[in-house]
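One structure is given below, encoded as structure tokens.
FYI, the numbering just counts along the sequence from 1. Basis for what follows: all heavy atoms, side chains included, without hydrogens, waters or symmetry-related copies.
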Amino acid sequence: MPHSTNREMILGIVVGTAGISLLLLWYHKVRKPRTAMSLPKFLSLGNSLDLMTLQDEMPSGQGTTAIFQGRQLQILEKLNELLTHMEELKEEIRVLKEAIPKLEEYIQGELGGKVTVHKISPQHRARKRRLATVQSSATSNSSEEAESEGGYVTANTDTEEQSFPVPKEFNTHVEELNLDALIQRADNLRVNESRKVESFELLCDHKEKFRDEIEFIWRFARAYGDMYELSTNTQEKKHYANIGKTLGEKAIMRAPKNGYCHLWYAVLCGYVSEFEGLQNKINYGYRFKEHLDKAIEFLPEEPFLYYLKGRYCYAVSKLSWIERKMAATLFGNIPSSTVQEALQNFLKVEELQPGFSKSNYMFMAKCYADLNQIDSAMKFCNLAVLLPCITKEDKDAQKEVKKISTSLKSVLRSEGKTMFLQNAFHW
């Protein structure tokens, strides 16, 4: 996961705060023995952090325990909000830095009486096309709201979209397709990364006609997930994630035994969690796992599901002590998994579809490296490099593979020197 430096800093602060709190509680215990709490039980790794359990075991320390847990939760929530705001600020600074070099050219063009033509980013093209159809009615509405493609009203805070005029609709005639033909065309377009927006637009054109068809609904939810991935604007990503999740909920209610409905609902829950506080993030994590398991039950031969489960298991295996304790406090149980379990899922992907993705090889290399199986880790790093970079995920995986390879080579050099010294000493 990104932002590891910030995350480590924040977790360090939290642990330090917890240490100070424990020191105060110890002092309280010395001064007032009657209200002492059992610190060994508090620090245990079971469910003893659960509030009801603590109340049963320590009736004399109810108030102290409740206050301590409440303050822990408040600290984590505030730090999570701070991290989110810091990332948003960094993104705004990056955009400003990119815009400043173009400012002089823009001003010269304006002063010279030239008409500046602004290029519309790919992320906005689909929404602009939809907005063109309701341009006449939009003038009478507030500039802060716009009708989304899914038929829901959402906040429109995208300053770039508000700054540019809405272009004329370039495809006023919508070809009439039956459901099978529509599904086939949308799926074929989506195979090409550069045509996912076109696939999304095609589904938007037919939403009124097929909005109650389950095969259409889950594909429409999936298309919103694609738009989330393609967008680089925070408000746009949130817009796509929320509408996609709503469509996913509709899909699983209509077809609770359709694996693809559960699959894309789980994925969109993951996207929505990126904009939530710590408690909701954990809640969405449980929801993600629940629907992923249901999807695997109905689609046992779908490699993408095992890839997602492998990533979930790997992330859970890396949870810190404080994160596990927070999950136990909020939900009464601790999510658990191991690197070995994650690896088994990634190996299942490779079994079902060899060369599934660069990211799958990258995570296999990570797992083997964590298990200190250096040769196997290097093998999958090399296999990952051989696959082409097509999507943004591929490019991110390529960077990570280079880091893993560099680290593994450093380990091998270190081991080689150690063996040389051992042989020399033996000789």
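For the atom pair Glu276 CD and Lys238 NZ, the distance stands at 7.0 Å (nearest 0.5 Å). Taking CD of Gln373 as the start and CE of Met364 as the end, the distance is 11.0 Å to the nearest 0.5 Å. Rounding to the nearest 0.5 Å gives a distance of 8.0 Å between SG of Cys204 and CE of Met227. Here Lys250 contributes atom NZ and Lys245 contributes atom NZ; the two are 14.5 Å apart, rounded to the nearest 0.5 Å. Note that CD of Glu176 is 10.5 Å distant from CG of Leu182, once rounded to the nearest 0.5 Å. Between Cys389 atom SG and Lys399 atom NZ the span is 10.0 Å, to the nearest 0.5 Å.
Side-chain N/O atoms of Thr391 and Asp394 include a donor and acceptor closer than 3.5 Å. For the residue pair Arg219/Tyr260, the side-chain donor-acceptor check at 3.5 Å is not satisfied. Side-chain contact check for Asn345 and Tyr312: no donor-acceptor pair (N or O, by modelled atom type) lies under 3.5 Å.
Residue pairs meeting the salt bridge (charged side-chain N to carboxylate O under 4.0 Å, His left out) criterion with at least one partner in residues 336-365, sequence neighbours excluded, are Lys348-Glu351.
Remark: aromatic rings of Phe200 and Tyr224 are close, center separation under 6.0 Å.
Panel note: side chain Ser273, backbone Lys281; no donor-acceptor pair is recorded below 3.5 Å. With hydrogens and angles ignored, the 3.5 Å screen pairs no side-chain donor or acceptor of Ser407 with any backbone N or O of Ile404. Under a 3.5 Å cut-off, the side chain of Lys237 and the backbone N or O of Ser231 do form a donor-acceptor pair. Of the possible polar contacts, one joining the Asn382 side chain to the Met378 backbone as a donor-acceptor pair under 3.5 Å is found. Side-chain atoms of His262 come within 3.5 Å of backbone atoms of Pro256 as a donor-acceptor pair (strictly under, hydrogens ignored). Within the 3.5 Å criterion, the main-chain N or O of Glu215 finds no donor-acceptor partner in the side chain of Glu213. Using modelled atom types, one side-chain atom of Asn360 and one backbone atom of Phe346 make a donor-acceptor pair closer than 3.5 Å. Not one N or O on the side chain of Tyr240 forms a donor-acceptor pair closer than 3.5 Å with the backbone of Gly225. Within the 3.5 Å criterion, the main-chain N or O of Arg195 finds no donor-acceptor partner in the side chain of Ser199. Side chain of Lys209 to main chain of Leu177: a donor-acceptor pair is present (N/O by atom type, distance under 3.5 Å, no hydrogens or angles).
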Dump the intermediate steps for salt bridge (Lys or Arg N to Asp or Glu O under 4.0 Å) on Lys289 and Asp293, then the final yes or no. CA-CA 6 Å; Lys289 177 64 163 52; Asp293 287 341; 2.7 Å; yes

Checking Phe216 against Phe220 for the ring-ring contact (aromatic ring centres under 6.0 Å, His included) test, could you report, in this order, the C-alpha distance in whole Å, the side-chain angles of both residues, the deciding distance, and whether it holds? CA-CA 6 Å; Phe216 176 85; Phe220 204 18; 5.3 Å; yes

As a quick check of understanding, evaluate salt bridge (Lys or Arg N to Asp or Glu O under 4.0 Å) for Asp370 and Lys366, giving each step before the final call. CA-CA 6 Å; Asp370 289 345; Lys366 273 191 170 186; over 6 Å; no

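Note on ring orientation: taking the six-membered ring where Trp is involved, the planes of Tyr228 and Phe275 are perpendicular (angle over 60°, cut-offs 30° and 60°).
The shortest non-hydrogen separation linking Leu179 to Phe210 is N-CZ, 3.6 Å. Between Ser359 and Glu393, the shortest heavy-atom contact is OG-CG, 3.1 Å.
Atom CD of Gln184 has 12 or fewer heavy atoms from other residues, nucleotides or ligands within 6.0 Å.
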